[in-house]
Amino acid sequence: EAGLYLASLANSKVFFKKDIDTSKLEGIFKSALAAEKDSITFYLGMKDLVPMGTDREKIEEIIKEEMRHIRILGERLAAMKK
C-alpha cells in the first residue's frame, strides 16, 4: 500500500513533463516554485511512510532544502515585480 501511495504521488504531479513558459523570466520562476512545492508534497508523503530514525531525518533535511529553494525563488520573483 505504501508503494502504491508513493507511485500515485509521483505520477500525479511531481515527476511528469511540465510545460514551462521560457519566454519570460517570471514564468520560469513560477514554474520552478511549483516544482519545488510538488517535490515537498512528495517528500512529506514519503516521510510519513519511513520509520523514525536516520532515513527519516535525511528526508526532513531534503524538505528543508526544498523550502530554502522556495524562499530564494520567492525573493527573486518578488524583486522582479518591484
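Here, residue 1 is the first one in the sequence, and each next residue gets the next number.
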Q.
Holding to side chain to side chain contact (heavy atoms under 4.5 Å, CB included), I want the full list of residues that pass it with Glu61, two or more places apart in sequence or in another chain.
A. none

Q) Which distance, rounded to the nearest 0.5 Å, do you find between the CD of Glu66 and the CG of Asp38? A) 10.5 Å

(Q) Rounded at 0.5 Å granularity, tell me how far CZ in Arg68 sits from CD in Glu36. (A) 10.0 Å

Q) How far does CD1 of Ile72 sit from CG of Leu33, to the nearest 0.5 angstrom? A) 11.0 Å

Q. Should we say atom CE of Met67 is surrounded by more than 12 heavy atoms from elsewhere, each under 6.0 Å from it?
A. no

Q: First locate atom CD of Glu65, then atom CD1 of Ile40, and finally report the distance between them rounded to the nearest 0.5 Å.
A: 10.5 Å

Q) Which value, rounded to the nearest 0.5 Å, describes the distance between Leu73 atom CG and Ser31 atom OG? A) 10.5 Å

(Q) For Glu26 versus Met80, what's the shortest heavy-atom pair and its separation? (A) N-CE, 3.5 Å

Q) Considering only heavy atoms from C-beta outward, does the side chain of Ile59 approach that of Leu44 to under 4.5 Å? A) no

Q | Side chains of Ile62 and Glu57 in contact at under 4.5 Å (non-hydrogen atoms) | A | no

Q | Closest contact, heavy atoms only, Pro51 versus Arg56 | A | O-CB, 3.5 Å

Q) Out of curiosity, Met46 CE to Asp55 CG, how far, rounded to the nearest 0.5 Å? A) 10.5 Å

